[in-house]
Amino acid sequence: MDRVLSGMQSSGKLHLGNLVGALQNWVGLQARYDCYYFIADWHALTTGYNNPAALHDSVMDLLVNYIAAGLDPDKCTIFIQSGILEHAELHLLLSMITPLGWLERVPTYKEKQQELSERDLSTYGFLGYPLLQTADIIMYKAKYVPVGVDQVPHLEISREIARRFNNFYGDVFPEPAALLTQFPKVPGVDGRKMSKSYGNAVYLSDSPKEVEQKIRTMTTDPARVKRTDVGDPDLSPVYQLHKVFSTTEEQAEVVEGCRTAGIGCIDCKKVLIKNVFKVLEPIWAKREELLADPEQLHAIVEKGNEKARKVAQETMQHVRKAMGLW
Ligand code: TRP
């Protein structure tokens, strides 16, 4: 089986956008590929280096949600980046051959610095973000990396660095390819893209009450003020979420009801709440089970780390030899 690798940076809680955009796709790949899924906690340090408590909470949230959403430790390898020290070694060695200009011209570098202008991101580690990501990927000689379009520049530089390494030291690394998935856009409760930084996200760790409350207070077509006003579903983020979570019949019903004022916004939201609950209920149940049994979680990580470490150790033996190291 071809190998697939992907990860998420642990800098916040997982939300519905992450679930639909990434995690559900990862779950589907388990049957067809030898999948390695990890938590990039060192990457979280590149921007969140001054908040260890938040980092720890986020690692736990990701781990529990990975499994609760359907990553099966018997079918894939789940591990934590900082548990595999070989990633740091490979990152160091790759830093020797990577021209600064390659890192400086990755578009996310300047974009993220601007976006997070309140933090000091003029650090060595932050510039090296895509290099650490390259180490994560090529360590496992992954053929495919399922990611969103935002990560394409990172995959591009990963391929360039793998190529440069092979030119200097012989054929060690295959060039990884992005596995882009079409997924529906998931708006947040205010209509903008769902994102933890906008404060508009529905989290997998939210209680049923919180989820219901967030959806009930969502913005809709701003022109539909009174129950008797007709509305335009295309102007309502609630309808965008229906497109992700509701059946085609339900979608047709709410469109018709909105355009004719046949239903009110609360009626429309009730259907959405029901359908979001349908997706979240099994996740909530599994989360509860996992949170009640920290030893089981621990064992899953230990097993995954051990398996990942074996692969990483083997790769590093080749790398050291190829580079003429001790
Ligand atoms: N940059 C990814 C993110 O946005 C996280 C990540 C780190 C990653 N290393 C990776 C993704 C390797 C895929 C492969 O969260």
Side-chain angles (χ1 to χ4, degrees), residues 2-15 17-23 25-26 29 33-48 54-55 58-59 61-63 65-66 69 71 76-88 90-91 94-95 98 103 106-109 111-113 115-116 121 125-162 173-181 183 193-197 201 304-305 308 311-312 315:
D2 287 328
R3 190 166 286 161
V4 155
L5 174 133
S6 199
M8 290 186 206
Q9 181 184 313
S10 49
S11 56
K13 296 180 289 185
L14 272 186
H15 55 62
N18 306 129
L19 176 71
V20 173
L23 212 41
N25 175 40
W26 292 6
L29 295 170
Y33 296 100
D34 177 23
C35 294
Y36 282 65
Y37 297 125
F38 76 106
I39 295 171
D41 54 350
W42 280 339
H43 276 102
L45 285 177
T46 63
T47 45
L55 178 58
S58 174
V59 170
D61 182 81
L62 259 60
L63 177 62
N65 285 324
Y66 274 14
L71 295 190
C76 69
T77 306
I78 299 168
F79 70 98
I80 298 184
Q81 186 184 38
S82 64
I84 317 298
L85 300 179
E86 285 76 8
H87 288 227
L90 186 54
H91 173 248
L94 296 176
S95 78
T98 304
L103 295 169
V106 174
T108 47
Y109 179 56
E111 279 165 23
K112 241 189 170 176
Q113 273 188 336
E115 189 188 318
L116 301 172
L121 297 183
F126 184 68
L127 178 66
Y129 187 108
L131 193 58
L132 181 56
Q133 182 159 349
T134 301
D136 299 334
I137 297 167
I138 66 178
M139 181 72 87
Y140 300 92
K141 304 188 174 164
K143 186 161 183 183
Y144 299 115
V145 184
V147 284
V149 276
D150 60 308
Q151 294 292 313
V152 166
H154 289 160
L155 260 292
E156 189 58 42
I157 193 173
S158 294
R159 276 198 297 279
E160 282 169 354
I161 293 168
F173 294 117
E175 288 177 30
L179 197 62
L180 283 181
T181 36
F183 60 86
K193 179 182 158 111
M194 188 176 287
S195 162
K196 59 179 188 290
S197 39
N305 276 5
V311 178
T315 301

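Both ligands and their constituent atoms are indexed starting at 1 by order of listing. Model, not experiment: these values are computed from the prediction. Because only heavy atoms are used, hydrogens play no part in the values below, and waters and symmetry mates are left out as well, while side chains stay in. In what follows, residues are counted from 1 in the order of the sequence shown.
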Under a 3.5 Å threshold, yes or no: a donor from one side chain and an acceptor from the other, between T134 and S158?
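A donor-acceptor contact under 3.5 Å links the two side chains.
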Under a strict 4.0 Å criterion on non-hydrogen atoms, which protein residues are in contact with ligand 1?
L5, S6, G7, M8, Q9, F38, A40, H43, Y129, Q133, D136, I137, V145, V147, Q151
As an exercise, state the distance from CD1 of I39 to OG of S58, rounded to the nearest 0.5 Å.
8.0 Å
From D136 atom CG to L90 atom CG, the distance as rounded to the nearest 0.5 Å
9.0 Å
D61/K13 ion pair, N-O < 4.0 Å
no
Test: salt bridge (Lys or Arg N to Asp or Glu O under 4.0 Å). Region: residues 143-157. Which pairs qualify, not counting sequence neighbours?
D2-K143, E156-R159
Between F79 and Y140, what is the ring plane arrangement, given parallel below 30°, perpendicular above 60°, and tilted in between?
tilted
